[in-house]
Amino acid sequence: MEEDSRPLLSSEQTGESYSHRGSADSLDFKAKRPFHVEPRNIVDDDPQERVSAEAAILNSRLHYYSRLTGSSDRLLSPPNHVIPRPEEIYIYSPLGTAFKVTGSDPSSKNPSIITIFAIWNTMMGTSILSIPWGIKQAGFTLGILILILIGLLMVYCCYIVLKSPKAIPYVDTSDWEFPDVCRYYFGKFGQWSSLVFSMVSLIGAMVVYWVLMSNFLYNTGQFIYNYAHNVNMSDSEFGTNGSDKVICPYPNTDPGGNNTISTLYFFNSGNDSSNVSSFEHWWSKTNTIPFYLIILLLPLLCFRSASFFARFTFLGTISVVYLIVLVSVKAFRLGFHLEFHWFDTTEFFVPEFRLLFPQLTGVLTLAFFIHNCIITLMKSNKNQDNNVRDLSIAYLLVGLTYLYVGVLIFAAFPSPPLFKDCIEPNFLDNFPSSDVMVFVARTFLLFQMITVYPLLGYLVRVQMMGQIFGNHYPSFFHVLALNVLIVGAGVLMAKFYPNIGSIIRFSGATCGLALVFVFPALVHMISLKRQGALRWPSALFHSFLILLGLANLLAQFFM
């Protein structure tokens, strides 16, 4: 009777097997896998091969272990010597046939260097153009400190997102994304709220793209027209002289805002002024260009698949590299113009610490934002043990790139004769359209955004239509209605409020509240609490992250 009542697995055995289970290094596969099915045991090479007797025995043993207890009890899960290797696994059907399981091809995995630069390239977006403006709003010294601090907080929250699926026990989370994790912890509310905030980040980026494409298309056309008609643009009243001109397009702009009054003046050189006026009427940055883009981009958004545009993602890397070269050349030619006034504004310089610093934190929240796709990016990493290291290196490279561009543009901005408050939310606007190097940069960025914009629209469509209708392309009219709303938002912002700095900071602070600060912090604390490992310093710190995200969003409305 005592032997009959003895458990199938003793505590001594379960403790040992549980501690080593899943550790491939501790197993001698040849010695402990006597029941695995060799390929020769399958009768033929036919796609539906008959099951051999040994394979049937293995299948029966696995069914035996699965019936011992529920799947949630890991102590009674099948031991390692019963489970075959991944490349030796077959799916056995009741009809007596076997299907080979084709695992992921190891050659399709990326080495760490490719993964790092994929993250860097994905994170490098339009926010890089607003970093100098953000540093100016916060003050040079405070801006650098905030950039470093926000970068550290963002990489930590991204690390929480990356490890969150693996912290869920007894559930296969191999194909989960962060919205699935939010659904697991917070139900439908977590799923739909994460979707909404993800839409805010994507649509916000699309609106910024529309404003920038209008800007770049306008300046590109302006450069071509001036060159073809021998029109000289004079900006000596609001700009510097010399070969590397720097202009102040909005000299009366309040530091916290922007307006749309053009201060560029055209001087005719052998052409009728009526031609120039006619060109300005039909080629206006805010009145006509945003509408011209509809003809090009709205049909592209309606494509069923965006795979064609994904082939041009290399243009993003080329554009960023060229921007870094442009900034380096301009800084070398202009030199540094710095004076340190810690709290007082002077005629040409801003203080080192300004109360407008939340504008920079809002921009940086979107600039460092990759949390909604980091799990997908890291799945392709060849060595999964290096994920945290590679993520940290990628964030370091992104932070150094932002620091390099922001510090050089701010330091090289010629003060005097111009004052630092002239730095624009798009620092390329501080260079005239006649500048050849800047013309090349705008052209590169224009073509890059034309190819990336449909990709962003495709992501919006897939996530929104998939959640609402269960189909990524329910019908042409559904997709057209969604695209018209997205394009309409971009046109309205490009016409009435073309300030990308404010658009970026609001969208960044909004999506960052949920997907960067609130949900990752709550998921981490709930996971630790269920494990019995939550301590008050951790709870205090992660609660502080939630308050920080909320304060970051609220502060944007008072700047």
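Since this is a predicted model, take the numbers as computed values, not measurements.
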Peer 1: Counting only heavy atoms not in Phe117 (residues, nucleotides, ligands), do more than 12 fall under 6.0 Å from its CZ?
Peer 2: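 Count not over threshold, so no.
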Peer 1: Tell me, with the steps shown, if Ile503 and Val211 meet side chain to side chain contact (heavy atoms under 4.5 Å, CB included).
Peer 2: CA-CA 10 Å; Ile503 300 173; Val211 175; 4.1 Å; yes
Peer 1: Any chance you could lay out the side-chain hydrogen bond (donor to acceptor under 3.5 Å, both in side chains) test for Ser434 and Asn226, step after step, and finish with the verdict?
Peer 2: CA-CA 8 Å; Ser434 58; Asn226 293 343; over 6 Å; no
Peer 1: Name every donor-acceptor pair, under 3.5 Å, that has one atom in a side chain of residues 401-413 and the other anywhere in the protein, sequence neighbours excluded.
Peer 2:
{"residue": "Thr401", "atom": "OG1", "partner": "Trp120", "partner atom": "NE1", "Å": "3.2"}
{"residue": "Thr401", "atom": "OG1", "partner": "Leu397", "partner atom": "O", "Å": "2.8"}
{"residue": "Tyr402", "atom": "OH", "partner": "Met123", "partner atom": "O", "Å": "3.3"}
{"residue": "Tyr402", "atom": "OH", "partner": "Ala367", "partner atom": "O", "Å": "2.9"}
{"residue": "Tyr404", "atom": "OH", "partner": "Ser328", "partner atom": "OG", "Å": "2.5"}

Peer 1: Check for a donor-acceptor pair, side chain of Ser164 on one end and backbone N or O of Val161 on the other, with a separation under 3.5 Å.
Peer 2: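 Here the side-chain-to-backbone pair exists.
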Peer 1: Would the number of heavy atoms belonging to other residues, nucleotides or ligands and lying under 6.0 Å from OH of Tyr159 be above 12?
Peer 2: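 Atom OH in Tyr159 is not crowded, with 12 or fewer foreign heavy atoms closer than 6.0 Å.
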Peer 1: Could you go step by step and tell me if Thr510 and Phe197 meet the side chain to side chain contact (heavy atoms under 4.5 Å, CB included) rule?
Peer 2: CA-CA 7 Å; Thr510 302; Phe197 286 105; 4.0 Å; yes
Peer 1: Is the number of heavy atoms from other residues, nucleotides or ligands under 6.0 Å of Phe332 CZ greater than 12?
Peer 2: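 No, CZ of Phe332 has 12 or fewer neighbouring heavy atoms, counting only those of other groups under 6.0 Å.
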Peer 1: Would you check if the side chain of His371 reaches a backbone N or O of Gly512 as a donor-acceptor pair within less than 3.5 Å?
Peer 2: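 Pair absent, no side-chain N/O of His371 close to backbone of Gly512.
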Peer 1: Is the Phe557 to Phe506 ring centre distance short of 6.0 Å?
Peer 2: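 Between Phe557 and Phe506, the centre distance is under 6.0 Å.
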Peer 1: Do any N or O atoms from the side chain of Thr220 and from the backbone of Leu217 form a donor-acceptor pair under 3.5 angstrom?
Peer 2: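 No, Thr220 side chain to Leu217 backbone: no donor-acceptor pair under 3.5 Å.
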Peer 1: Hey, are the side chains of Glu424 and Asn430 touching, using non-hydrogen atoms and a 4.5 Å cut-off?
Peer 2: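 Yes - at least one pair of side-chain heavy atoms lies under 4.5 Å apart.
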Peer 1: So does His281 get a backbone contact from the side chain of Ser284, meaning a donor-acceptor N/O pair under 3.5 Å?
Peer 2: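 Checking the backbone N and O of His281 against the side chain of Ser284, no donor-acceptor pair under 3.5 Å is found.
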Peer 1: Do any N or O atoms from the side chain of Arg461 and from the backbone of Asn483 form a donor-acceptor pair under 3.5 angstrom?
Peer 2: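 Checking the backbone N and O of Asn483 against the side chain of Arg461, no donor-acceptor pair under 3.5 Å is found.
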Peer 1: Under the criterion side chain to side chain donor-acceptor pair (under 3.5 Å), which of Arg530, Gln531, Lys529 is the partner of Ser527?
Peer 2: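 Among Arg530, Gln531, Lys529, the one that satisfies the side chain to side chain donor-acceptor pair (under 3.5 Å) with Ser527 is Gln531.
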Peer 1: Decide yes or no for Asp180 and Arg183: does some side-chain heavy atom of the first lie under 4.5 Å from some side-chain heavy atom of the second?
Peer 2: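 With C-beta onward as the side chain, the pair touches.
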Peer 1: Any donor and acceptor pair, going by atom type alone, linking the side chain of Ser130 with main-chain N or O of Pro425 inside 3.5 Å?
Peer 2: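 Judged by distance alone, yes, a pair lies under 3.5 Å.
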Peer 1: Quick one: does Asn552's side chain have a donor or acceptor within less than 3.5 Å of a partner on Leu548's backbone?
Peer 2: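 Here the side-chain-to-backbone pair does not exist.
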Peer 1: Answer whether the closest heavy-atom distance between the side chains of Val487 and Tyr453 falls below 4.5 Å.
Peer 2: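 Yes, close enough: below the 4.5 Å cut-off.
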Peer 1: Keeping the roles fixed (side chain from Arg505, backbone from Gln556), state whether a donor-acceptor pair exists under 3.5 Å.
Peer 2: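 At least one qualifying donor-acceptor pair exists.
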Peer 1: More than 12 heavy atoms of other residues, nucleotides or ligands under 6.0 Å from CZ of Phe558: yes or no?
Peer 2: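 Counting other residues, nucleotides and ligands, CZ of Phe558 stays at 12 neighbours or fewer.
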Peer 1: Return yes if some donor-acceptor pair links the side-chain N/O of Ser433 with the main-chain N/O of Phe223 below 3.5 Å, else return no.
Peer 2: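 No, Ser433 side chain to Phe223 backbone: no donor-acceptor pair under 3.5 Å.
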Peer 1: Does Pro179 reach the side chain of Leu195, with side-chain heavy atoms less than 4.5 Å apart?
Peer 2: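 In short, these two side chains do not touch, never coming nearer than 4.5 Å.
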Peer 1: Could you tell me whether the side chains of Thr115 and Asp390 share a donor-acceptor contact shorter than 3.5 Å?
Peer 2: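 No, no side-chain donor-acceptor pair sits under 3.5 Å.
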Peer 1: Quick one: does Phe368's side chain get under 4.5 Å of Val155's, heavy atoms only?
Peer 2: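 A side-chain contact is absent here, since even the closest heavy-atom pair is not under 4.5 Å.
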Peer 1: Ignoring hydrogens and geometry, is there a side-chain-to-backbone donor-acceptor pair from Trp283 to Tyr218 under 3.5 Å?
Peer 2: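 Yes; at least one donor-acceptor contact below 3.5 Å.
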Peer 1: Please work out whether the ring planes of Phe340 and Phe140 are parallel, tilted or perpendicular, with thresholds of 30° and 60°.
Peer 2: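 Geometry flag for Phe140 against Phe340: tilted rings.
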Peer 1: Applying ring-ring contact (aromatic ring centres under 6.0 Å, His included) between Tyr322 and each of Phe444, Phe439, Phe447, report the one that passes.
Peer 2: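 So the option named by the test is Phe444.
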Peer 1: For Phe349 and His341, take the angle between the two ring planes, folded into 0 to 90°, and tell me which bin it lands in: parallel under 30, tilted 30 to 60, perpendicular over 60.
Peer 2: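 Ring orientation, 0 to 90° scale: tilted.
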Peer 1: For atom CG of Leu554, is the number of surrounding heavy atoms from other residues, nucleotides or ligands below 6.0 Å larger than 12?
Peer 2: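 More than 12 heavy atoms, drawn from other residues, nucleotides or ligands, come within 6.0 Å of this atom.
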